[in-house]
Amino acid sequence: MSDYGEHEATDDPLQVLRHSTAHLLAAAVMELYPDAKYGIGPPVQDGFYYDLAFTKPISESDLGAIESRMRRIVNEDRPFVHETLTRDEAMAEFRKRGQDYKLELIADKVEGDEVSVYRTGDFLDLCRGPHVRSTRDLKAFKLMRVAGAYWRGDESKPQLTRIYGTAWQTPKELDDYLKFLEEAEKRDHKKLGKELKLFALDERLGLGQVVWLPDGTTIRRELERWIIDEELKRGYRHVITPHLAKLDLYKKSGHWQLFHDTMYPPMRFEDGEELELRPMNCPHHIVVYDQDMHSYRDLPLRIAELGQNYRLEKSGELMGMVRVRSFNLNDAHIFCTPDQVIAEVRGAIELANYFMSVLGVDDYWYRLSVRDNVKTKWAGTDEEWESAEAMLKEALDSLSLPYKVSPGDAAFYGPKIDFQVKDAHRREFTNNTVQVDYQLPKKFELEYVAEDGSRQRPVMIHRGAFGAFERMTAYLIEHYAGAFPTWLHPVQVIVIPITDAQLDYARTVADRLRSLRLRVEVDARSERMQRKIRDGQARKVPYMAIVGAREAEAEHVNVRDRSGDQVDSSLDSFASMVATEVAERRR
RNA sequence: GCCGGCGUAGCUCAAUUGGCAGAGCAGCUGUUUUGUAAACAGCAGGUUACGGGUUCGAUUCCUGUCGCCGGCUCCA
């Protein structure tokens, strides 16, 4: 049987419960708004939604009344009744109810003559099920918000009102979820980024333009140094290329034709020259490759750059530092022979995994993004796509990494492996990526001289092993809730003199730590120690070195870490302890 | 871009049915020299996002713009 709702049917009890709650929602809405038309209502992560068309728009203030009606239906103990109708019967039923969207779904998605429907009191829905036995089984739910959603996900189709809700097996789980949302709010990188003065988004600079403040920049520079060193160890060569290029370059690569809507309008000059802010770095690195004749002996050639890119994302798509209009990508393009591809892909995956493991990021999954059957969207031959996909799979398999195939998520020039991470609110996004590309080398007629003297075409691997600094930093802020590991924290140690009499000693301590390249502040304010500690805690500083008369006398420090633990230590051993922790990038 | 919500001091929030815009924190100036999460006092801080409208009177009601938040669409 086909899947009418465009979501996967499942027997998982929680999914079934959420799906049933979606029906309950639609049933309640239909009682309160008899003119409404219902679209689809699947379970989703943490809950469910239902898309409905209202004759008058509703807002979140209407959710309370809908939720009350839902509870009333719960108390009525209405059974979920499964029925199988013929196609004609089903069409007649939904036509009678004026449910045009359901008619469209039956016409498009139901195969054969049997149509599975569920009845809950008067409410009838096209649905494969399964469902809970009765509305009384639905105990722990809450409507969350309304949003617009295009019918069947198509921007050109009408926009329905989507009502989101959350649903759980027990009231306690619901309560836990609501508490989780509160906690997530506190970790939000937009909130912490402001509190900790890491970055700013200022409308005077334009939408989606990130200002890295001094402390945020410290973190970023630390990451950059680390990344560049790790890449150097792995044979990457770094380049620096302009943020601008002639528009023709992007016409030749094919990006302009596909993405001009999200590229900045070109700057046009009197002599006819057109310059474009680059939306990606690939064509620049192709120009780097093309500076020389290449022998197969030169390959693989790994060209890396911390490259600034500019994309004119639609205003509604922007989100904090996760989705911006200008970002810096830890980018690289590996030019190699076809039989080097698998090893190079594997190396790129391993590098990305290494970065993630040092940062303590372990909650992510591998998405093998391949083309779908809309052939016009994808450049290149079937053979090239099949070969590229096979090589990505083999690289993943050889590392014993599990992955999920995702049709339609490929780049236009080839399939890719995406590293999918989740933010504090469990929203998923792509961070790192590895892509195999036969198309751009062809478009730019790249060559190398093979062992037998013939001219061959290299394969290009695009890879962002760390991802974009903006997005990754946003992720890290939420991951650590602002309490960065010592090696990344903008201020590693605050020295706190208890009275002014220890100021000189405090500065001695600071100098000593700075001589080990640690980032240190002395809190010389005319405040009480308690106050300085409190402020240090608020900034989530890893260590506070408190120095009073006793410590100054003994050349000690009283170390308080951000968990509140205290220990007395000689200055020497404290200094070497912190320096070691930083050198090892300990978490 | 579309749908819904929200914009009051640097930050977090108040302000009866439309009736003089307030508080805490942060900032500044003093005093205080302190032993592990907030010393005390004073001062200053605003065209209530911005522009129209209704009204004797608008933070409050209507409207347009801008921005932010949550979704949708998109994501090379």
Side-chain angles (χ1 to χ4, degrees), chain A residues 44 49 51 54 57-63 144-164 185 188 190-191 194-195 197 201-204 206-207 250 253-263 278-283 309 311-320 322-323 327 329 331 369 379 409-414 416 418 425 427 429-430 433 435 437 439-440 462 464 468 471 496-503 525-538 544 546-551 558-562 564-567:
Chain A
V44 291
Y49 66 77
D51 285 347
F54 290 88
I58 68 157
S59 75
E60 271 158 43
S61 56
D62 300 308
L63 293 183
M144 303 299 284
R145 57 177 53 92
V146 306
Y150 300 106
W151 172 236
R152 300 180 83 175
D154 186 339
E155 209 173 357
S156 67
K157 296 214 162 95
Q159 194 165 39
L160 307 184
T161 300
R162 175 170 296 180
I163 301 179
Y164 277 97
E185 213 58 53
D188 190 293
K190 298 183 289 296
K191 181 181 158 71
K194 185 175 203 116
E195 279 174 15
K197 302 186 198 303
L201 295 159
D202 189 310
E203 60 184 284
R204 286 171 291 188
L207 295 187
Y250 305 106
S253 70
H255 287 98
W256 174 254
Q257 292 83 329
L258 269 152
F259 295 112
H260 60 270
D261 282 351
T262 45
M263 289 169 69
R278 66 175 173 193
M280 90 300 297
N281 311 305
C282 348
N309 292 161
R311 296 182 187 176
L312 201 56
E313 308 285 2
K314 291 188 227 168
S315 60
E317 288 163 349
L318 302 172
M319 181 168 85
V322 172
R323 196 78 184 273
F327 56 92
L329 197 62
D331 205 2
S369 299
D409 279 322
F412 75 89
Y413 47 71
K416 57 193 175 107
D418 296 317
H425 285 89
R427 289 177 293 212
F429 55 91
T430 300
T433 177
Q435 318 174 348
D437 175 13
Q439 305 312 317
L440 292 182
H462 307 236
R471 184 171 281 194
I496 298 179
I498 292 176
T499 75
D500 287 354
Q502 288 87 45
L503 256 177
R525 291 177 303 166
S526 169
E527 293 286 352
R528 296 167 67 216
M529 173 200 62
Q530 284 88 336
R531 173 51 166 271
K532 297 177 182 180
I533 289 172
R534 182 184 155 84
D535 290 346
Q537 290 284 157
M544 285 178 255
I546 294 156
V547 295
R550 294 199 293 272
E551 287 76 18
N558 192 280
V559 181
R560 179 192 167 108
D561 69 25
R562 60 188 158 197
D565 291 343
Q566 298 164 40
V567 59

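Each chain gets a letter, A, B and so on, in the order its sequence line appears, and its residues count up from 1. Basis for what follows: all heavy atoms, side chains included, without hydrogens, waters or symmetry-related copies.
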Find the distance [X]:[atom1] to [N]:[atom2] and express it as a whole number of Å.
X: A:Asp154; N: B:C74; atom1: CG; atom2: C1'; value: 12 Å
X: A:Lys314; N: B:G1; atom1: NZ; atom2: P; value: 10 Å
X: A:Met319; N: B:C74; atom1: CE; atom2: C1'; value: 14 Å
X: A:Lys194; N: B:C25; atom1: NZ; atom2: P; value: 21 Å
X: A:Leu312; N: B:C75; atom1: CG; atom2: C1'; value: 13 Å
X: A:Leu318; N: B:C74; atom1: CG; atom2: P; value: 16 Å
X: A:Met144; N: B:G71; atom1: CE; atom2: P; value: 11 Å
X: A:Glu195; N: B:G10; atom1: CD; atom2: P; value: 17 Å

For the [atom1] atoms, the ones on [N] and on [M], what distance do you get once it is rounded to whole angstrom?
N: B:G1; M: B:C43; atom1: P; answer: 47 Å
N: B:G27; M: B:G10; atom1: C1'; answer: 8 Å
N: B:U55; M: B:U17; atom1: C1'; answer: 16 Å
N: B:C62; M: B:C20; atom1: C1'; answer: 25 Å
N: B:G46; M: B:U8; atom1: C1'; answer: 8 Å
N: B:U60; M: B:A49; atom1: P; answer: 8 Å
N: B:G51; M: B:C13; atom1: P; answer: 25 Å
N: B:G24; M: B:G45; atom1: P; answer: 16 Å

Pair partner, [N] [Watson-Crick or wobble, under 3.5 Å]:
N: B:C2; value: B:G71
N: B:G22; value: B:C13
N: B:U29; value: B:A41
N: B:G7; value: B:C66
N: B:U60; value: none

Contact pattern, 5' to 3', of nucleotides 30-43 of chain B - B, S or - by protein heavy atom under 4.0 Å = --BBBBBBBB----

message = On RNA chain B, does the nearest nucleotide to A:Leu201 precede the nearest nucleotide to A:Ala411 from the 5' side, or the other way round? Give the residue.
response =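 The residue whose closest nucleotide sits nearer the 5' end is A:Leu201.
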
Residue whose closest nucleotide on RNA chain B lies nearer the 5' end, A:Pro279 versus A:Tyr150 =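 Result of the comparison: A:Tyr150.
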
How would you label the contact of [X] with the nucleic acid (heavy atoms, under 4.0 Å): base, sugar-phosphate, or nothing?
X: A:Glu317; value: base
X: A:Ala149; value: sugar-phosphate
X: A:Tyr164; value: sugar-phosphate
X: A:Leu207; value: sugar-phosphate
X: A:Thr262; value: base
X: A:Lys416; value: sugar-phosphate
X: A:Ser59; value: sugar-phosphate
X: A:Lys190; value: sugar-phosphate
X: A:Gly320; value: sugar-phosphate
X: A:Arg427; value: sugar-phosphate

inquiry  = Are B:A76 and A:Tyr413 stacked, with the base six-membered ring and the side-chain ring centres under 5.5 Å apart and planes under 30°?
reply    =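 No; centroid distance or tilt outside limits.
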
Short side-chain N/O contact to B:G1 OP1/OP2 from A:Ser315, under 4.0 Å =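 The answer is yes; a side-chain N or O of A:Ser315 sits under 4.0 Å from OP1 or OP2.
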
Would you say the side chain of [Y] lies within less than 4.5 Å of the side chain of [X], judging by non-hydrogen atoms?
X: A:Pro497; Y: A:Lys532; result: yes
X: A:Ile496; Y: A:Arg560; result: no
X: A:Glu551; Y: A:Ile546; result: no
X: A:Ser253; Y: A:Leu440; result: yes
X: A:Pro279; Y: A:Phe259; result: no

task = Before giving the answer on side chain to side chain contact (heavy atoms under 4.5 Å, CB included), spell out for A:Ile498 and A:Arg550 the whole-Å C-alpha distance, their side-chain angles and the decisive distance to 0.1 Å.
result = CA-CA 10 Å; A:Ile498 292 176; A:Arg550 294 199 293 272; over 6 Å; no

key: A:Glu185 backbone acceptor or donor facing A:Asp188 side chain under 3.5 Å   =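 Judged by distance alone, no pair lies under 3.5 Å.
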
request  = Decide yes or no, distance alone: a donor-acceptor N/O pair under 3.5 angstrom between the base of B:C74 and the side-chain of A:Arg323.
outcome  =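 Checked by distance alone, the answer is yes.
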
ask   = Going by modelled atom types, is there a donor-acceptor pair between the base of B:C3 and the side chain of A:Gln159 at under 3.5 Å?
value =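 Not at all, since no donor on one side and acceptor on the other fall under 3.5 Å apart.
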
ask   = Between atom CZ of A:Arg471 and atom CE of A:Met319, what is the distance when rounded to the nearest 0.5 Å?
value =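 Separation between the atoms: 7.5 Å.
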
task = Taking only Lys NZ, Arg NE, NH1 and NH2, and the carboxylate oxygens of Asp or Glu, determine whether A:Arg152 and A:Asp154 approach each other closer than 4.0 Å.
result =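 Salt bridge between A:Arg152 and A:Asp154, a charged N being under 4.0 Å from a carboxylate O: no.
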
inquiry  = Can a side-chain donor-acceptor contact be found between A:Asp418 and A:Thr430 if the only test is distance below 3.5 angstrom?
reply    =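 Note: A:Thr430 and A:Asp418 side chains miss the donor-acceptor criterion.
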
key: Options B:G4, B:G71, B:A76, nucleotide nearest the side-chain atoms of A:His255   =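 The closest nucleotide is B:A76.
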
inquiry  = Parallel, tilted or perpendicular, judged at 30° and 60°: which one describes the rings of A:His462 and A:Tyr413?
reply    =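 Parallel.
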
